[in-house]
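These numbers were taken from a predicted model, which means no experiment stands behind them.
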Amino acid sequence: MLIIIIAGVAIYGWNAMQPTAASSEPVAYTLAEGTSTAKLAGDLESKGIIRNDFAFRMYLRWNNEGKAFKAGDYEFTPGMTYEQIVTKLNNAEVVVPKTMKFTIPEGYTVTQIADKLSSAGYVDRDEFLKLVDDPSQFKQARDWKVPTGNGILHPLEGYLFPATYDLPLDSTPQDVIANMLAGTRSNLATIDNFDQKLKARGMTLHQLLTEASLIEREVVVPDERAEVAGVINNRIKQGMRLQIDATVQYALGKQKQRLLYSDLKIDSPYNTYLHDGLPPGPIANPGIEAIKAALEPKTSDYLYYVTKKDGSGGHLFAKTYAEHQKNIAASKETSAAGQAESSNTSDEAN
């Protein structure tokens, strides 16, 4: 009789320790810090991960397991063995939260941002751009009194901070834009005495971001940002048109490796070859270093700059137009393709 009882208990225990019916659907479970093995076993049984909580607790005790279990969010699949469950808990094989992670490079336009996020499946491109054109939808934009009208193409251009973002996967286009606006706000807050410096410059935030966007799109060499900001500042003070190629690219709505003289005549308020002063709004979304350069331009007498043709991305600066012409000639001499270019310059802007 005793043998029968022992055999019955053994069979019952063996059955209790068998995996549940297998399923391909994972079951979520959060193991809180300090959870007892008894509570864990009860939870796993109630979720259908194990057959019997008592049998699981006995297994843990016999194998001296449970003390190293890591708290976190897990997924268990019905049909797992005790060993598989214990291994997952010991190794902290937690569920990695599903997020939308993306990086927006400095100098991207809102259109480029919309294209990148829509191609990744994160936002609807048209919805994103519609929101970009309506700053009234965002508290931060209302606080900044982001202007609209007056020829501004996309009101939130320049206000979406370029950085890496890691947002919940169910974030809406409005959530994405709000986070990027918050990125600009938090980065501006890192600049010492920002409000005082902006007031000293006699600029609005919109004007600052506009100038910073020109610097971002024009400058490749970091040390030249403040120098180019100084040139922009000097030309505006003297009533000279900025004649910045990047503004023409923005007006065209596309990037061209080489602008033609005909491109410089495009009828757009962003075309600084035709219109005085800064364009009506930013032409891209600048990073913090370009913003700092616009806030504190380098003092100089320079009024001109031309890109070196040596592949460095740097510029040659000049105080007079005559010096500028010499720099242009010197730049062309350093270009490996100088002779090829000289045969086709009748309609190319230099």
Side-chain angles (χ1 to χ4, degrees), residues 9-106 113 116-124 160-187 189-190 287-288:
V9 170
I11 293 172
Y12 172 81
W14 184 83
N15 286 330
M17 294 178 65
Q18 295 307 298
T20 56
S23 171
S24 60
E25 290 297 321
V27 177
Y29 176 68
T30 299
L31 178 62
E33 195 74 44
T35 298
S36 66
T37 54
K39 175 73 165 55
L40 167 65
D43 290 342
L44 294 182
E45 180 184 351
S46 66
K47 287 180 172 291
I49 304 301
I50 59 175
R51 291 180 181 275
N52 185 283
D53 66 331
F54 178 76
F56 186 69
R57 282 189 285 125
M58 291 301 99
Y59 175 87
L60 296 180
R61 181 176 297 180
W62 292 332
N63 291 280
N64 195 30
E65 294 284 3
K67 297 178 182 179
F69 288 171
K70 310 294 192 305
D73 296 323
Y74 292 86
E75 282 187 350
F76 297 102
T77 304
M80 293 178 68
T81 65
Y82 282 3
E83 183 179 0
Q84 290 172 323
I85 294 171
V86 168
T87 298
K88 184 182 282 281
L89 291 168
N90 278 331
N91 295 340
E93 296 175 20
V94 296
V95 177
V96 178
K98 295 180 179 179
T99 63
M100 59 167 72
K101 186 173 183 178
F102 58 89
T103 298
I104 302 303
E106 296 171 345
I113 295 173
K116 179 167 185 173
L117 296 183
S118 63
S119 65
Y122 293 152
V123 303
D124 177 87
L160 307 184
F161 196 76
T164 296
Y165 294 87
D166 196 357
L167 307 177
L169 192 58
D170 60 354
S171 295
T172 65
Q174 188 157 1
D175 295 331
V176 173
I177 293 172
N179 273 275
M180 298 186 77
L181 291 172
T184 295
R185 181 192 63 224
S186 60
N187 275 273
T190 66
I288 192 63

Ala178 meets the side chain to side chain contact (heavy atoms under 4.5 Å, CB included) criterion, sequence neighbours left out, with Phe138
Sorted by chain and number, sequence neighbours left out, side-chain hydrogen bond (donor to acceptor under 3.5 Å, both in side chains) with Arg185 holds for Gln140
Looking only at heavy atoms, the pair that brings Arg57 and Ala41 closest together is CG-CB, 3.6 Å
Residues pairing under salt bridge (Lys or Arg N to Asp or Glu O under 4.0 Å) where one sits in residues 32-49, two or more places apart or in two chains, turn out to be Lys39-Asp43
Any donor-acceptor pair under 3.5 Å linking the side chain of Asn52 with the backbone of Phe54? yes
So CE of Met80 and CG of Leu44: to nearest 0.5 Å the spacing works out to 9.5 Å
Taken in chain and number order and not counting sequence neighbours, the residues that satisfy side-chain hydrogen bond (donor to acceptor under 3.5 Å, both in side chains) with Thr103 are Thr164
Residue pairs passing the ring-ring contact (aromatic ring centres under 6.0 Å, His included) test with at least one member in residues 84-105, sequence neighbours excluded, are Phe102-Tyr165
Interatomic distance, CG@Leu60 vs NZ@Lys67, rounded to 0.5 Å, equals 12.0 Å
Sorted by chain and residue number, the side-chain hydrogen bond (donor to acceptor under 3.5 Å, both in side chains) partners of Asn187 (sequence neighbours excluded) come out as none
Sequence neighbours excluded, the answer for side chain to side chain contact (heavy atoms under 4.5 Å, CB included) partners of Thr81 is Pro19, Glu83, Gln84
Closest non-hydrogen atoms of Pro78 and Ala21, given as atom of the first, atom of the second and distance, are CB-O, 3.4 Å
Residues passing the side chain to side chain contact (heavy atoms under 4.5 Å, CB included) test with Ser186, sequence neighbours excluded, are none
Mind telling me whether Phe56 and Tyr82 have parallel, tilted or perpendicular rings, with 30° and 60° as the class edges? perpendicular
Between the OG1 atom in Thr184 and the CD1 atom in Ile288, the distance rounded to the nearest 0.5 Å is 8.5 Å
Rounding to 0.5 Å, atoms CD1 (Ile85) and OH (Tyr59) come to a distance of 9.5 Å
Rounded to the nearest 0.5 angstrom, the CG-CD1 distance for Leu160 and Ile104 is 9.0 Å
Between Thr20 and Phe76, does a side chain to side chain contact (heavy atoms under 4.5 Å, CB included) hold up when you go through it step by step? CA-CA 12 Å; Thr20 56; Phe76 297 102; over 6 Å; no
Checklist entry - Do the side chains of Ile113 and Val176 get nearer than 4.5 Å, heavy atoms only? => result no
Separation between NZ (Lys70) and NZ (Lys88), nearest 0.5 Å, reads 14.0 Å
What one should report as the nearest heavy-atom pair of Phe69 and Leu31 is CB-CD2, 4.1 Å
Residues passing the side chain to side chain contact (heavy atoms under 4.5 Å, CB included) test with Thr172, sequence neighbours excluded, are Gln174, Asp175
The side-chain hydrogen bond (donor to acceptor under 3.5 Å, both in side chains) partners of Glu65 (sequence neighbours excluded) come to Asn90
Shortest non-hydrogen pair, Ala32 vs Ala71, comes out as C-CB, 4.0 Å
Those residues at least two apart in sequence (or on a different chain) that pass ring pair (Phe, Tyr, Trp, His ring centres under 6.0 Å) with Tyr122 are none
Side-chain donor/acceptor pairs under 3.5 Å, residues 94-101, sequence neighbours excluded:
{"from": "Thr99", "atom 1": "OG1", "to": "Asp166", "atom 2": "OD1", "distance (Å)": "2.5"}

